[in-house]
Visitor: 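Next up is a structure, given as structure tokens.
Heavy-atom basis, side chains included; hydrogens, waters and symmetry copies ignored. Note that ligands are numbered from 1 as they come in the structure, with each ligand's atoms numbered from 1 the same way.
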Amino acid sequence: MKVRQLQDKILQLKRDTDTCILAHSYMTEDICEIADFTGDSYALAVKAKDTPNKNVVMCGVRFMAEMVKMLNPQKKVVLSNPSAGCPMAEQMDRALIAKVREECPGYAVVAYVNTTAELKTVADVCVTSSSAVRICRAIPAKNILFIPDINLGTYVKEQVPEKNFKLLQGGCPTHAKIGEEEVLAAKAAHPDALFLVHPECRPQVVKHADYVGSTTGIMDFAANSAAEEFIIGTENSIVQHLQFAHPRKRFYALSKDLVCNNMRATTLSDVYHCLLGDGGEEIVMEEELRLSAVKCIDEMIKYGG
Ligand code: 13P
Ligand code: SF4
């Protein structure tokens, strides 16, 4: 079957089954085309809160589907590919944070949204890559335990020097494997290009950036900039989306290794089977866990995301 035929079947099934398809910006072009909404983690959370449909298929990784479920307990939420996890989200557990809290009494726990529902239960507030700096500045706490990403935490700490940060050794294996030498090589190959980077990259990479932001932030910056060439320091799907959206501009991957196999796991066929009812995994969550975990997301939304 041709891609377009499968997409047409999906569009029909979506209407027949009252389903909303949410796709993270790292999904492939064929999936983004049939999604009702595409965006970064924060935009997806907000969208999830006001989608009118009975059913939601989340194309992304598990913590994103959990977040949709937390905000929409009455809806059926399906993760399109059950094997799509986020290794960073699973790096820490409640016992570790309880231990660190004992060592650092009085610290507010700020959790990056890339965390499990279980870990969110110990957070005072949740943040995304696009809201972390603003929320850390805005919360009343002077002392912040930022989990789990040490790179995003380091970036936030630099932007919010008036507060004290305690960081732990966690992070995204995909972004963290890129070093300064790759930046210098890409800049030497494309001297006129602006360098746009995700804050999950290491500080020695981020320090060379012309712009630091979320996946949507990077895409918006490239769309609105008068520049014509860009080096993209995040998952390489963003390079492809930008090339489609702005064919006259040039986009270069910072590294061929910027590939998240978890985000790449989902296929158009997975989405089709979710809608047929014989694929994906329904997110089921104990109400007690949900109520405890959703508090930090509500708090984030209260701060304007
Ligand atoms: P965004 O918050 O930019 O969507 O990023 C999510 C993510 O997993 C980045 O690796
Ligand atoms: Fe997780 Fe990194 Fe993949 Fe994003 S790119 S989903 S942070 S492993």
Side-chain angles (χ1 to χ4, degrees), residues 22-28 31-32 35 37-48 58-68 79-92 110-116 119-120 126-136 146-156 168-178 196-202 205-206 209 211-222 232-242 253-266 297 300-301 305:
L22 299 177
H24 186 264
S25 339
Y26 286 160
M27 292 296 105
T28 47
I31 293 176
C32 291
F37 189 77
T38 307
D40 63 6
S41 305
Y42 178 67
L44 291 173
V46 173
K47 235 9 192 205
M58 178 68 228
C59 305
V61 290
R62 183 170 295 271
F63 78 82
M64 296 175 178
E66 281 187 352
M67 186 158 68
V68 177
L79 172 64
S80 51
N81 185 315
S83 75
C86 167
M88 159 152 52
E90 280 147 36
Q91 279 163 352
M92 292 175 193
V110 175
Y112 190 25
V113 71
N114 297 42
T115 38
T116 57
L119 200 58
K120 285 188 175 79
C126 203
V127 296
T128 64
S129 57
S130 54
S131 66
V133 169
R134 195 167 38 74
I135 292 181
C136 285
F146 190 96
I147 57 170
D149 188 356
I150 192 166
N151 291 337
L152 177 62
T154 302
Y155 175 69
V156 176
L168 302 180
Q169 198 62 49
C172 165
T174 302
H175 286 82
K177 70 182 165 206
I178 306 305
L196 320 183
V197 79
H198 198 285
E200 286 176 14
C201 283
R202 289 150 70 184
V205 170
V206 172
Y211 173 80
V212 183
S214 71
T215 49
T216 299
I218 288 173
M219 291 170 87
D220 288 349
F221 183 94
I232 304 299
T234 192
E235 219 279 343
N236 286 338
S237 52
I238 301 299
V239 177
Q240 203 186 40
H241 295 321
L242 284 168
L254 169 60
S255 163
K256 65 175 173 32
D257 296 331
L258 264 168
V259 172
C260 172
N261 289 326
N262 284 280
M263 282 289 187
R264 296 286 172 102
T266 302
I297 299 178
M300 167 175 84
I301 293 172

Visitor: Quiz question: by atom type and distance under 3.5 Å, do the side chains of Ser130 and Thr128 form a donor-acceptor pair?
Guide: yes
Visitor: Under 30°, 30 to 60°, or over 60°: which ring-plane class applies to His198 and His175, parallel, tilted or perpendicular?
Guide: tilted
Visitor: Identify the two heavy atoms, one from Thr266 and one from Ser80, that lie closest to each other, and give their separation to 0.1 Å.
Guide: CG2-OG, 3.3 Å
Visitor: How many protein atoms of type N/O/S are positioned less than 2.8 Å from atom 3 (Fe) of ligand 2?
Guide: 1
Visitor: Within this structure, what is the CG-NZ distance for the pair Leu22 and Lys47, rounded to the nearest 0.5 Å?
Guide: 9.0 Å
Visitor: Pick from Ile232, Val205, Val239: which one makes a side-chain contact (heavy atoms from CB on, under 4.5 Å) with Leu254?
Guide: Val205
Visitor: Run through Val113, Val61, Thr116, Thr115 and flag the one making a side-chain contact (heavy atoms from CB on, under 4.5 Å) with Cys86.
Guide: Val61
Visitor: Under the criterion side-chain contact (heavy atoms from CB on, under 4.5 Å), which of Thr174, Asn236, Thr215 is the partner of Tyr26?
Guide: Thr215
Visitor: Which atoms of ligand 2 are found less than 4.0 Å from any heavy atom of Asn114?
Guide: 7 (S)
Visitor: Locate the shortest heavy-atom distance separating Gly39 from Ala43; write the atom from each residue and the value.
Guide: CA-CB, 4.4 Å
Visitor: Any idea which residues sit under 4.0 Å from ligand 1, heavy-atom distances?
Guide: His24, Tyr26, Asp40, Ser41, Asn114, Ser129, His175, His198, Glu200, Ser214, Thr215
Visitor: Would you name the heavy atoms of Leu79 and Gly60 that are closest together and state the gap between them?
Guide: CD1-O, 3.8 Å
Visitor: Report yes or no: does His241 contribute a side-chain atom to a donor-acceptor pair with the main-chain N or O of Met27 at less than 3.5 Å?
Guide: yes
Visitor: Which of the atoms in ligand 2, numbered in the order shown and given with their element, are less than 4.0 Å from a heavy-atom of Glu200?
Guide: 2 (Fe), 7 (S)
